[in-house]
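Residue numbers start from 1 in every chain, and the chains themselves are labelled A, B, ... in the order their sequence lines are given, proteins ahead of strands.
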There are 2 protein chains.
Amino acid sequence: MPKIVDRNERRRELAEAVWRVIRQDGVEQASVRNVAREAGLSAGSLRHIFSTQSELLQFAMRTVIDRVETRVAGIAVPDEPRAAAQVVLEQLLPLDEERRAENEVWVAFSARAMVDDHLRAVRDDAYDRLRGAAEHWIRLLTDLGPEEQDVESERLFSLIDGLALHAALRPDAATPERLKAVLAHHLDQLTQGGRR
Amino acid sequence: MPKIVDRNERRRELAEAVWRVIRQDGVEQASVRNVAREAGLSAGSLRHIFSTQSELLQFAMRTVIDRVETRVAGIAVPDEPRAAAQVVLEQLLPLDEERRAENEVWVAFSARAMVDDHLRAVRDDAYDRLRGAAEHWIRLLTDLGPEEQDVESERLFSLIDGLALHAALRPDAATPERLKAVLAHHLDQLTQGGRR
DNA sequence: GCGGATTTAGCACAGTCGTGCTAACGTCCC
DNA sequence: GGGACGTTAGCACGACTGTGCTAAATCCGC
């Protein structure tokens, strides 16, 4: 039944196989043969869907972004800005298994993007959009001058990436409760002037 | 002249060759042959100094920690806690070429540590020490209860790692000035109650 | 049922990998 | 000088890599 499942669906399945291989053994093991075996295909078959390994990895990396954006677009966002920020930004933290998988795979791809030009383009695109989101929430939550806004955006953005990174590296230490507590505390400080 | 340079010095040189290969082409290219070529040795010779590739990579990863700790131990630290924190914590941010190199290599090794048990041990050791340092500075700079202290420590630690990560991924966006400004702003908020 | 197109499987090639092993080389001590 | 030893170089092996290519299997419209 070759035509029943359309091409995009097959690509999506392959991308998930890439994810599984990466989480298990790292990107360096995401070879054409290993991914094909993980997906239950022959290497030759895989190469009719992705004609090159680079394509396969790029698609799998983009899939991470797509899944995050789809989830963010689908959730109910409160009207109140502070609560809205918390709900949306929590979607970027690995608080459940789904987000944990996305995060681990993203970390692996980001590292490889340091030396792979194609993946770097994907990473830069995501980075720019995340930075835009950080700026958006800072504008919404605070009333600061331009350069203060800039510093706060970078701080929020870096904090979230740092939290996600810690969760990937040390899931035992960076528990979901802890991540949420830190984010909530940071947002509290941003919105209200109160400290200590 | 085989005996002139002692064993540790040779190992240190090899570690630096590993760094160069990693920064240029990524950890996956840090093979015995590539590192040997980078160091001007034959692969067979390298394996008399590091009998296995795993040993070589572990040593090169530990070298990152050693260099950071040596630098931190060597700097002049102000008496005033707020200034001291700024000076010390800046040593963890990639503000110059030396720290940029350490940071890039560390990011690469950290990613590989996700799937390499030996490197994971090195990474966990460093992580625990950094977390201890974060807790130390929070205690010194604030007067909080235990669980608030815990949240602030994780926040400071994650922020620094996030800043360093951003600097590695997007050196054009995360400039040294920007990194320092964010850190300074965060420390300001920690020490003084003032906001906005 | 059948032709034709598409999907699948698998081989071939040239390259790299980690590592075991041997042979030449250098220097040092006696 | 000569023997011994630490160092260096390099080959060999089996495994894996990405990719080009060819043959088989499968399904579709008719």
| said: Has B:Ser51 got a side-chain atom pairing as donor or acceptor with B:Arg47's backbone, closer than 3.5 angstrom? | reply: no

Among the candidates [options], find the nucleotide nearest to the side-chain atoms of [X].
{"X": "B:Val32", "options": "D:dT17, D:dT19, C:dT19", "answer": "C:dT19"}
{"X": "A:Arg47", "options": "C:dC17, D:dT19, D:dT8", "answer": "D:dT19"}
{"X": "B:Arg10", "options": "C:dG18, D:dT8, C:dA9", "answer": "D:dT8"}

| task | Kindly assign one of parallel, tilted or perpendicular to the pair B:Phe50 and B:Phe59, based on the angle between their ring planes and the thresholds 30° and 60°. | result | tilted

May I ask you to verify if any side-chain N or O of [X] is less than 4.0 angstrom from the OP1 or OP2 atom of [N]?
{"X": "B:Ser42", "N": "D:dA9", "answer": "yes"}
{"X": "A:Ser45", "N": "C:dT7", "answer": "no"}
{"X": "B:Asn34", "N": "C:dT16", "answer": "no"}

| Tell me, do A:Glu98 and A:Arg67 make a side-chain contact under 4.5 Å, heavy atoms counted? | yes

Whole-Å distance between [N] [atom2] and [X] [atom1]?
{"X": "A:His48", "N": "D:dG20", "atom1": "NE2", "atom2": "P", "value": "11 Å"}
{"X": "B:Asp25", "N": "C:dC17", "atom1": "CG", "atom2": "C1'", "value": "15 Å"}
{"X": "B:Leu46", "N": "C:dG20", "atom1": "CG", "atom2": "C1'", "value": "15 Å"}
{"X": "A:Leu41", "N": "D:dA25", "atom1": "CG", "atom2": "C1'", "value": "14 Å"}
{"X": "A:Gln29", "N": "C:dT16", "atom1": "CD", "atom2": "C1'", "value": "14 Å"}
{"X": "B:Arg37", "N": "D:dG10", "atom1": "CZ", "atom2": "P", "value": "13 Å"}
{"X": "B:Arg33", "N": "C:dT19", "atom1": "CZ", "atom2": "P", "value": "10 Å"}

| Checking all strands, does B:Ser31 fall into the base, sugar-phosphate, or nothing category for heavy-atom contacts under 4.0 angstrom? | sugar-phosphate

| said: Mind checking if A:Thr52 touches a base, just sugar-phosphate, or nothing, with heavy atoms under 4.0 Å? | reply: sugar-phosphate

| request: Give the intermediate values and the outcome of side-chain contact (heavy atoms from CB on, under 4.5 Å) for residues A:Asp150 and A:Leu144. | output: CA-CA 9 Å; A:Asp150 189 67; A:Leu144 301 169; over 6 Å; no

| query | Between the side chains of B:Glu152 and A:His185, is a donor N or O closer than 3.5 angstrom to an acceptor N or O? | reply | yes

| field | Upstream residue (5' side of DNA chain D) when A:Gly44 and A:Glu28 are each assigned their closest nucleotide | value | A:Glu28

